[in-house]
Amino acid sequence: MAEPTLFARFVALVGGAAVAIRHAGDGPKPHAFGTTPSIPNPKPQGKIPTLKMPTAKGWEGNHTPTPAAGLKVNAFARDLVHPRNMHVLPNGDVLVAESMGEEGSGPRSIFDHAMHATMKRARAAGKSPNRVTLLRDADGDGVAEERHAYIENVRQPFGIALIGDTLYVGASDAVLAYPYVAGETKITTPGKKIMDLIPGGHWTRNLIASKDGSKLYVAVGSLSNIGDHGMAAEENRACIHELDLATGKSRIFGSGLRNPVGMAWEPEGGQLWTVVNERDGLGDETPPDYLTSVVDGGFYGWPYCYWNRVVDDRVPQDAAKVASAKQPDYALGGHTASLGLCWLPEGTLPGFPAGMAIGQHGSWNRSKLSGYKLAFVEFQNGKPVGMPREILGNFLSPDEKYSYGRPVGVALASDGSVLMADDVGDVIWRVTGA
């Protein structure tokens, strides 16, 4: 890992001092988890929000994340370049989107400089690889011995979906379609643009296909934290689009979702579920990120309100929008940056019932870090229940100064193991029963 710049180190020191001053005397707050979370009252942080992020360190030697009891973990693939998301092909090959946040046109303020330096120190921004890589475990030993540059020169690829003989890739500026041939290790045909998207801001563009293969659902995050540049700049953002592949027309399926990333189908109810990163600047646990079903036409509050229609008075209000806001299904705790989402059938992992696996990338806007784990939420009768559990943990050093890894996308491999992308460790981890 590259050493942080002197300015980045200075920012880390100043940020640490600011956290200590702002939170002096604060006792530990319980995490806002579950279907009925206890959410603290907001404490607006002003123009300089709490800024705390560990320096990216990576894994050294035989060091790995810690699996839950009854599980084991191994590296399916190492030495990738910022792997973010995955898609498992019918023949068992694994496609990995390698990408990261762009450095942008330049900071506009001292705080922008500080944030930019912090993100680079944490390996959350830089020169994006802009590649989809194919991994193949031909001998079935749980380690990919083949690696191929499958698609190159795509602007920040993230979402990947295969329908029939067409492979779809969600770039930050477009949904692209490629001809797919099973077993081939490279696509050289240029992608055909089937939907324009606006890059910038929250840049990940995840994709999931409808069960009948006639539609794609496209997750697009907001440009800003709370509509900072006006709501006109947020048009067609902070939402999930439904793209009809026969007509090429799209519509907004669910809105008011600040940054929806992971998407998965829950088989019993047949509903689309997503994980959403909520707004910053209101406190360690306020508001919580969440896991929710997305109903057609549903509005989920951003930027006017959060959770159970709690108004964010930093935002010019729209009373009708607030009144129509739906409450999310399940709180995941404040600032966990939950990005990956994958349905795990019962029996996938020993000791774990059916439910959702969630890759939690980890916080920056809180005094005590949260996330930084592969979490699990049980489902019963089509709904989440209980408290979150941990599948993989210990991605942080005990003093929270360093991150060995940061979880992102989650996928179910063809052999029944669970794969998780780690964009700081540059690893795809593979979890099975011990």
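Keep in mind the model is a prediction, meaning the values are calculated, not measured.
- Between the E145 side chain and the D139 main chain, a donor and an acceptor come within less than 3.5 Å of each other.
- When every heavy atom of Y180 is checked against every heavy atom of G164, the shortest pair comes out as CD2-O, 4.1 Å.
- Listed for the S370 side chain is a donor-acceptor partner under 3.5 Å among the backbone atoms of G334.
- Of all non-hydrogen atoms in N236 and V220, the two that sit nearest each other are O-CG1, 3.9 Å.
- Side-chain atoms of N85 never come within 3.5 Å of backbone atoms of G409 as a donor-acceptor pair (strictly under, hydrogens ignored).
- Contact between P65 and V73 at its shortest, heavy atoms only, is O-CG1, 3.5 Å.
- Looking only at side-chain heavy atoms (C-beta outward), Y150 and D93 stay at 4.5 Å or farther from each other.
- When every heavy atom of P157 is checked against every heavy atom of W203, the shortest pair comes out as O-CZ3, 4.4 Å.
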Could you walk me through whether L396 and S403 pass the side-chain contact (heavy atoms from CB on, under 4.5 Å) test, one step at a time? CA-CA 5 Å; L396 287 173; S403 61; 4.0 Å; yes

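- D423 has a carboxylate O that lies under 4.0 Å from a charged side-chain N of R84, or vice versa, which qualifies the two as a salt bridge.
- Between Y178 atom OH and I187 atom CD1 the span is 8.0 Å, to the nearest 0.5 Å.
- Of all the heavy atoms in P353 and F376, the pair that sits closest is O-CZ, 3.1 Å.
- W273 and F379 have their aromatic ring centers within a separation under 6.0 angstrom.
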Does the pair V175 and L197 meet the rule for a side-chain contact (heavy atoms from CB on, under 4.5 Å), with working shown? CA-CA 7 Å; V175 177; L197 297 170; 3.9 Å; yes

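- Taking 4.5 Å as the limit, some side-chain heavy atom of M356 sits within range of a side-chain heavy atom of E266.
- The side-chain heavy atoms of L392 and P67, taken from C-beta on, include a pair separated by under 4.5 Å.
- A cation-pi contact, defined as under 6.0 Å to the ring centre and within 45° of the axis, is absent between R279 and Y306.
- With respect to R389 and E378, no salt bridge is recorded, no charged nitrogen being found less than 4.0 Å from a carboxylate O.
- Counting only distance, with no hydrogens or angles, the side chain of D137 and the backbone of G142 share a donor-acceptor pair below 3.5 Å.
- No more than 12 heavy-atom neighbours from other residues, nucleotides or ligands sit within 6.0 angstrom of OH on Y402.
- Between M420 and V410, the shortest heavy-atom contact is CG-CG2, 4.4 Å.
- R430 has its side chain within reach of D415: a pair of non-hydrogen atoms, C-beta onward, lies under 4.5 Å apart.
- Here the OG-CG distance, from S210 to L245, works out to 7.5 Å after rounding to the nearest 0.5 Å.
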For a side-chain contact (heavy atoms from CB on, under 4.5 Å) check, start with the C-alpha distance between M263 and L341, then their side-chain angles and the critical distance, and finish with the verdict. CA-CA 6 Å; M263 294 185 290; L341 188 66; 5.5 Å; no

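- Looking at S338, its side chain never comes within 3.5 Å of a backbone N or O of Q360 through a donor-acceptor pair.
- We find the CG-CD1 distance between L374 and I391 to be 4.0 Å, quoted to the nearest 0.5 Å.
- Partner S224 forms a side chain to side chain donor-acceptor pair (under 3.5 Å) with one of R258, H229, R237, E234 and no other, that one being E234.
- When the shell of 6.0 Å around NZ of K249 is examined, it contains 12 or fewer heavy atoms from other residues, nucleotides or ligands.
- Checking side-chain atoms of R131 against main-chain N and O of A149 turns up no donor-acceptor pair under 3.5 Å.
- In this structure, the separation between CD1 on I163 and CG on D212 is 8.5 Å, given to the nearest 0.5 Å.
- In this structure, CG in L216 is found 10.5 Å from CG in N206, a value given to the nearest 0.5 Å.
- P54 is listed as a side-chain neighbour of Y372, based on a closest heavy-atom distance under 4.5 Å.
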Evaluate side-chain contact (heavy atoms from CB on, under 4.5 Å) for L243 paired with H241, printing each intermediate quantity in order. CA-CA 6 Å; L243 173 61; H241 297 264; 5.8 Å; no

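- Using modelled atom types, no side-chain atom of H82 and backbone atom of E98 make a donor-acceptor pair closer than 3.5 Å.
- Proximity of a side-chain donor or acceptor of Q156 to a complementary backbone N or O of M100 within less than 3.5 Å is detected.
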Side chain to side chain donor-acceptor pair (under 3.5 Å) between H202 and S222, intermediate numbers included: CA-CA 6 Å; H202 293 108; S222 66; 3.1 Å; yes

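- Judged purely by atom type and a 3.5 angstrom limit, D422 has no side-chain atom pairing as donor or acceptor with the backbone of I428.
- Side-chain atoms of R314 never come within 3.5 Å of backbone atoms of P44 as a donor-acceptor pair (strictly under, hydrogens ignored).
- Relative orientation of the W59 and Y404 rings is tilted, given thresholds of 30° and 60° on the angle between their planes.
- Side-chain contact between C239 and F253: absent, with no pair of heavy atoms (C-beta onward) separated by less than 4.5 Å.
- D284 has no carboxylate O lying under 4.0 Å from a charged side-chain N of K52, or vice versa, which leaves the two without a salt bridge.
- In this structure, E146 places its CD atom where more than 12 heavy-atom neighbours from other residues, nucleotides or ligands lie under 6.0 Å away.
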Which atom pairs, one a donor and one an acceptor, fall under 3.5 Å between side chains of residues 286-305 and the rest of the protein, sequence neighbours left out?
from	atom 1	to	atom 2	distance (Å)
T286	OG1	P40	O	2.9
D289	OD1	E278	N	2.7
D289	OD2	T336	N	2.9
D289	OD2	T336	OG1	3.2
D289	OD2	A337	N	2.9
T292	OG1	D329	N	3.3
T292	OG1	D329	OD2	2.9
S293	OG	D329	OD2	2.8
D296	OD1	R251	NH1	2.9
D296	OD1	R251	NH2	3.3
D296	OD2	R251	NH2	2.8
Y300	OH	S293	O	3.2
Y300	OH	V295	N	3.0
W302	NE1	N225	O	2.8

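- For the pair R123 and D426, the salt-bridge criterion is met [side-chain N within less than 4.0 Å of a carboxylate O].
- Side-chain contact between S397 and K57 is absent, with no heavy atoms from C-beta onward closer than 4.5 Å.
- With rounding to the nearest 0.5 Å, the separation of CZ in R136 from CG in L95 is 10.0 Å.
- In this structure the side chain of L134 never reaches within 4.5 angstrom of the side chain of E184, judged on heavy atoms.
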